[in-house]
Amino acid sequence: MGRLLVSVRGANEALAAAEGGAHIADVEYPGSALGTPYPLNIKAVRQRLDENGFQQVTISTNIGEDQPVRSTACQAALGVATAGADFVKCGLAGLDPKGAAYLARSLVRTVQEWWPEKKVYPAVFPDEEYAISFDPLEDGPALVEGTGCDGLLIDTYNKSIGKGLLDYYTLEQLTKFVNDLHALEKEAWLAGSVSASQLPELWKTGVDVVCVRGAANS
């Protein structure tokens, strides 16, 4: 069964999301595509959920959309895992398949060395300026197969132009993407200004996780 991820800014929103049925609380600061949060905020979310009986709700977060330096990207991934994130999303905007694979392998190795039970999900983007160097649908399955990560997230980079995930891809294309990852025993995550009305059709693709923020208030 697919899981619903709801992006939250802090402990109060995380508790509301859990009470509303979210499976994953995604700690973010919504000022950019992924919205990198403060580590103590991740810890506060975990504590609030645990105090209110939501130990089963997992936490995801991210280390940003762009990773200009491999060493600091690895430090950031290890840091958010230590702060309490179960799932670490790592944006690979601007990288070609070779560069993305090199960085993803380093990120996976770093997190697994200290936190082998935690999972790493590269995030890639359909926006034209990024898809020209890394096509999420075409290059994504090879990335997850060759790097040891647990799946792949497709999200939109530019949230200010009024285009969401389904403006870039058809449901048929997304279904094939999901099936390609499942054939590799990896997870497919989908995000990008997903509306509440789009959720029923997205679930039909077989996606593992759909990520929302505004749709959670609908």
Side-chain angles (χ1 to χ4, degrees), residues 1-30 33-65 74 76-91 104 107-124 144 147-155 165 178 181-182 184-192 194 196 199 202-203 205-217:
M1 184 182 73
R3 292 165 287 162
L4 181 66
L5 176 154
V6 176
S7 294
V8 301
R9 289 175 292 188
N12 291 339
E13 288 188 358
L15 182 57
E19 290 173 343
H23 303 98
I24 304 170
D26 180 55
V27 186
E28 68 162 18
Y29 180 79
L34 296 181
T36 311
Y38 189 53
L40 286 176
N41 214 24
I42 302 169
K43 182 180 180 182
V45 166
R46 180 73 275 163
Q47 290 176 334
R48 182 68 61 84
L49 292 174
D50 290 349
E51 290 166 357
N52 287 273
F54 289 104
Q55 292 87 352
Q56 80 281 6
V57 175
T58 48
I59 290 179
S60 65
T61 193
N62 71 89
I63 63 168
E65 306 81 24
C74 291
L78 180 59
V80 296
T82 302
D86 302 289
F87 309 133
V88 181
K89 300 180 293 179
C90 308
L107 291 164
V108 169
R109 289 176 58 195
T110 299
V111 172
Q112 289 187 345
E113 179 68 24
W114 278 270
W115 299 102
E117 75 280 10
K118 301 196 174 188
K119 297 184 177 183
V120 176
Y121 297 85
V124 293
V144 299
T147 58
C149 59
D150 298 279
L152 189 69
L153 165 66
I154 296 180
D155 195 0
L165 179 69
V178 171
L181 290 192
H182 286 175
L184 300 171
E185 299 184 344
K186 303 291 186 178
E187 290 187 348
W189 290 30
L190 297 176
V194 173
L199 285 172
L202 285 175
W203 290 129
T205 68
V207 63
D208 298 281
V209 174
V210 176
C211 313
V212 302
R213 179 169 175 82
N217 299 317

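Residue numbers run from 1 in the order of the sequence given.
Ala11 pairs by the side chain to side chain contact (heavy atoms under 4.5 Å, CB included) definition with Arg48, not counting sequence neighbours. In this structure Asp86 satisfies the salt bridge (charged side-chain N to carboxylate O under 4.0 Å, His left out) test together with Arg46, sequence neighbours excluded. Residues forming a side chain to side chain contact (heavy atoms under 4.5 Å, CB included) with Arg3 (at least two apart in sequence, or on another chain): His23, Ile24, Phe87, Glu187, Trp189, Asp208, Val209. Legend: residues meeting side chain to side chain contact (heavy atoms under 4.5 Å, CB included) with Trp114, ordered by chain and number and at least two apart, are Leu78, Thr110. Residues forming a salt bridge (charged side-chain N to carboxylate O under 4.0 Å, His left out) with Arg109 (at least two apart in sequence, or on another chain): none. In this structure Ala77 satisfies the side chain to side chain contact (heavy atoms under 4.5 Å, CB included) test together with Ile63, Val88, Leu107, Val111, sequence neighbours excluded.
Side-chain atoms of Lys118 come within 3.5 Å of backbone N or O of Ala81 as a donor-acceptor pair. Looking at Lys43, its side chain never comes within 3.5 Å of a backbone N or O of Gly84 through a donor-acceptor pair. The backbone N or O of Gly64 lies less than 3.5 Å from a partner atom in the side chain of Thr36, making a donor-acceptor pair.
No more than 12 heavy atoms of other residues, nucleotides or ligands lie within 6.0 Å of CD in Glu185, so this atom counts as exposed by the packing criterion.
Here Thr147 contributes atom OG1 and Leu152 contributes atom CG; the two are 9.0 Å apart, rounded to the nearest 0.5 Å. Atom CG of residue Asn62 and atom CG of residue Leu153 lie 9.5 Å apart, to the nearest 0.5 angstrom.
Looking at every heavy atom in both residues, Pro122 comes nearest to Gly151 through CD-O, 3.3 Å.
Under a 4.0 Å N-O distance rule, the pair Asp26/Lys89 qualifies as a salt bridge.
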**Prompt:** Which is it for Ser60 and Leu5 under the side-chain contact (heavy atoms from CB on, under 4.5 Å) test, yes or no, and what are the steps along the way?
**Reply:** CA-CA 8 Å; Ser60 65; Leu5 176 154; 3.3 Å; yes
**Message:** side-chain contact (heavy atoms from CB on, under 4.5 Å), that's the test. Do Leu49 and Ile59 meet it? Break it down for me.
**Reply:** CA-CA 10 Å; Leu49 292 174; Ile59 290 179; 4.3 Å; yes
